[in-house]
Amino acid sequence: AGMRFAAPLPHLLLSCSHDGAVRALDLGGGGSSAFVELYRAPEDPDGDYAMLHALSRTAGEGGALAVCRTDGLVTLLDPRAAPGGGGTGVHTQR
């Protein structure tokens, strides 16, 4: 689990958690004061979600973040994308 401000969008506070979700809180004013889910790890065959360990600093062009999962996968997530837009898997070695 962890929290980080998005470098290209410094008004966004991002959190990743053990429930498999990355959420964003817009601190720029004028928006909702609630966290919005940006990403959720897919369910495994047992109906559980992989826990998320950490958010990287900006990893690549455009402000993408690397999200580390307990199932050994690393996902690139663009915080500028629409909520629930998902991410791109970049590593599948376990």
Side-chain angles (χ1 to χ4, degrees):
M3 297 187 92
R4 174 172 304 282
F5 282 97
L9 303 166
H11 61 283
L12 282 186
L13 177 62
L14 303 172
S15 72
C16 69
S17 64
H18 292 286
D19 69 356
V22 173
R23 295 179 180 91
L25 177 63
D26 187 349
L27 300 173
S32 170
S33 62
F35 278 91
V36 175
E37 190 170 289
L38 297 180
Y39 169 79
R40 176 164 296 275
E43 286 185 58
D44 67 14
D46 296 327
D48 296 323
Y49 297 98
M51 292 187 294
L52 305 180
H53 285 295
L55 292 166
S56 72
R57 296 184 188 270
T58 303
E61 295 184 27
L65 303 167
V67 180
C68 304
R69 297 175 13 184
T70 55
D71 59 4
L73 299 178
V74 175
T75 300
L76 281 182
L77 176 68
D78 186 347
R80 301 167 303 169
T88 302
V90 295
H91 177 65
T92 58
Q93 185 90 19
R94 293 182 190 205

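Because only heavy atoms are used, hydrogens play no part in the values below, and waters and symmetry mates are left out as well, while side chains stay in.
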Can you see which heavy atom on [X] is nearest to which on [Y], and at what distance?
{"X": "Ala50", "Y": "Ala41", "result": "O-CB, 3.8 Å"}
{"X": "Cys16", "Y": "Val22", "result": "CB-CG2, 4.1 Å"}
{"X": "Thr75", "Y": "Tyr39", "result": "OG1-OH, 3.6 Å"}

Spacing of Leu25 atom CG and Met3 atom CE [to the nearest 0.5 Å]: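 If we round to the nearest 0.5 Å, Leu25:CG and Met3:CE are 7.5 Å apart.
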I need the Thr70 OG1 to Asp44 CG distance, nearest 0.5 Å. 9.0 Å
Heavy-atom side-chain proximity of Leu38 to Leu14 below 4.5 angstrom: yes
Flag the pair Leu76 / Leu65 as yes when at least one side-chain heavy-atom distance between them is below 4.5 Å, and no otherwise. no
Between Arg40 (side chain only) and Asp19 (backbone N and O only), is there a donor and an acceptor less than 3.5 Å apart? yes
